[in-house]
There are 2 protein chains.
Amino acid sequence: MGRGKIEIKRIENTTNRQVTYSKRRTGIVKKAKELTVLCDAEVSLIMFSSTGKLSEYISPSTTTKRLYDQYQQVTGTNLWNSHYEKLQESLKKQKEINMRLRKEIRQRIGEGVDDMSFDDLRGLEQDLDTSVKIVRDRKYHMIATQTETYRKKEARGEDPYYEEDYESILAMSNSGAQILSYRLQPHQRNQEEEGYGSYNLRI
Amino acid sequence: MGRGKIEIKRIENTTNRQVTYSKRRTGIVKKAKELTVLCDAEVSLIMFSSTGKLSEYISPSTTTKRLYDQYQQVTGTNLWNSHYEKLQESLKKQKEINMRLRKEIRQRIGEGVDDMSFDDLRGLEQDLDTSVKIVRDRKYHMIATQTETYRKKEARGEDPYYEEDYESILAMSNSGAQILSYRLQPHQRNQEEEGYGSYNLRI
DNA sequence: ATGTCTATTTATAACCC
DNA sequence: TGGGTTATAAATAGACA
């Protein structure tokens, strides 16, 4: 191939190795092209240099993906299987989490209370009490704040009803979107869909 | 390449085409091997003849699948995605659902209450009241039932403390497993034991 | 890293088995 | 198909820009 026979053995000098790679890469790609045209073949050639640089050639009549699908069919080995399995596992996990979340919500709503132990009941009751207290406090706070605003406006001589009436002030940030989904669709609790969600969230 | 310059153009004669394919296939595979050894590269070469016959070369240091995984990483194109669009979609959906469920639980606990509208707050409060009522009723029912059992035992002259004391009767079906996962986080329970009586106040 | 030059080695087209 | 043989075209190692 050049000035003197060479032996096919790893070129230790990094620079030379890269130079040779560059030249031979061009050569092999040319061969692949020729094979494609001359023999009407379909060729996929993927190369990583020792520095990790990628080069590829794919016959213009096809795509890498299509050719690999064919490859799989012929060889029987399913390259995507492992990916598929991972996805499925993920999905399963998500469904389990979903189930748990649903169960927790159901219990918080008061369903299935008959199957709970006394201690759990007491715990749940306490939790609910705490929550309801938080919500109520927030509600009171909102009322207080809005009343304050109303009074200030009035004090400044503005018409407090200028833009909105008192009721609408209270109702103000009624963000169209319902927040508790179960309240939106009472029937929904039957079994929404498959439930996967997240992996390790803490509630 | 032989007796007279040839032009790179599809060989129309099928037999000749196959002969040429066969010879050149050998040649290109040799080149791939040389590139692998000489330049320490990783090469995947897949070829389909015009008759559909598959030939491949893969550098011994890797596997077709591994090399293709690398290929995907570098190119960004995900060859498998299109195969599993449905699965992937499913997964996405599940994650969204879980997100919603988590959000709902968080709200039922009383988190994020500051971002809710007044109406939503009122709705949530009602829901929580209802739930706590259900739970409390069930608790009372259990107490009543157990007290009943206790009395009956006593009436029959049995020692009601024979196996368990009164407390443990109440605590009975304490099913080791925690039911509400969020309760596992201890700090959340700190503010308990308060106004049971005010849980159903309404403005 | 890429392109050019050149001596030499390789690949291979055409042919035959 | 696959293996030889051989004349010739192609590829390329080494050197340098």
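Note that the coordinates shown come from a computational prediction; the quantities given were computed from them, not determined experimentally.
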**Fill in**
CD (Gln18(A)) and NZ (Lys23(A)) are apart, to the nearest 0.5 Å, by 13.5 Å
**Item:** Rounded distance (Å) that lies between atom P of dA13(D) and atom CZ of Arg10(A)
**Value:** 16 Å
**Message:** Salt bridge check, Arg102(A) against Glu104(A): does any charged N sit closer than 4.0 Å to a carboxylate O?
**Reply:** no
**Message:** Please determine whether salt bridge (charged side-chain N to carboxylate O under 4.0 Å, His left out) holds for the pair Arg66(B) and Asp69(B), giving the CA-CA distance in whole Å, both sets of side-chain angles, and the decisive distance to 0.1 Å.
**Reply:** CA-CA 5 Å; Arg66(B) 246 197 13 193; Asp69(B) 281 342; over 6 Å; no
**Message:** I need the NZ-P distance between Lys5(A) and dT12(D), as an integer number of Å.
**Reply:** 17 Å
**Item:** Distance, rounded to the nearest Å, where Asn16(A) contributes CG and dT12(D) contributes C1'
**Value:** 14 Å
**Prompt:** Roughly, in whole Å, what's the span from CZ in Arg17(A) to P in dA13(D)?
**Reply:** 14 Å
**Message:** Could you tell me how far apart Arg24(B) (CZ) and dT1(D) (C1') are, to the nearest whole angstrom?
**Reply:** 19 Å
**Asked** Would the number of heavy atoms belonging to other residues, nucleotides or ligands and lying under 6.0 Å from CD of Glu89(B) be above 12?
**Response** no
**Item:** Under-4.0 Å side-chain N/O to phosphate OP1/OP2 contact, Arg3(B) with dT5(D)
**Value:** no
**Prompt:** For Thr15(A) and Lys30(B), take the nucleotide of DNA chain C holding the closest heavy atom to each; which residue's nucleotide lies nearer the 5' end?
**Reply:** Thr15(A)
**Item:** N or O in side chain of Ser22(B) less than 4.0 angstrom from dG2(D) OP1/OP2
**Value:** yes
**Request:** Before accepting this row, confirm whether a basic side-chain N of the pair Arg136(B)/Asp129(A) lies closer than 4.0 Å to the acidic partner's carboxylate O.
**Result:** yes
**Message:** Give me the atom names and distance for the closest heavy-atom approach of Arg138(B) to Asp114(A).
**Reply:** NH2-O, 3.1 Å
**Message:** Under 4.0 Å, heavy atoms only, any strand: does Thr20(A) hit a base, just the sugar-phosphate, or nothing?
**Reply:** sugar-phosphate
**Request:** Rounded off to whole Å, could you give me the NZ-to-P distance for the Lys23(B) and dT6(D) pair?
**Result:** 14 Å
**Asked** Please give, in whole Å, the distance from dA11(D) C1' to Tyr21(A) OH?
**Response** 17 Å
**Message:** I need the residues from residues 31-58 of chain B with at least one non-hydrogen atom less than 4.0 Å from DNA chain D; give them sorted by number, or say none.
**Reply:** Lys31(B)
**Complete:** Closest non-hydrogen contact found for Thr36(A) with Tyr57(A) is OG1-OH, 3.3 Å
**Request:** Tell me, please, the opening and closing nucleotides of DNA chain C, 5' to 3', among those with an atom under 4.0 angstrom from a non-hydrogen atom of chain A.
**Result:** dA1(C) to dT12(C)
**Request:** Nearest-nucleotide wise, let me know which of Gln18(B) and Gly27(A) is further upstream toward the 5' end of DNA chain D.
**Result:** Gln18(B)
**Asp120(B) CG to Glu125(B) CD distance, which is reported to the nearest 0.5 Å** = 12.5 Å
**Item:** Shortest non-hydrogen contact between Ile11(B) and Arg17(B), atoms and distance
**Value:** O-NE, 2.9 Å
**Item:** Atom-to-atom span, CD of Glu7(A) to C1' of dA13(D) - whole angstrom
**Value:** 14 Å
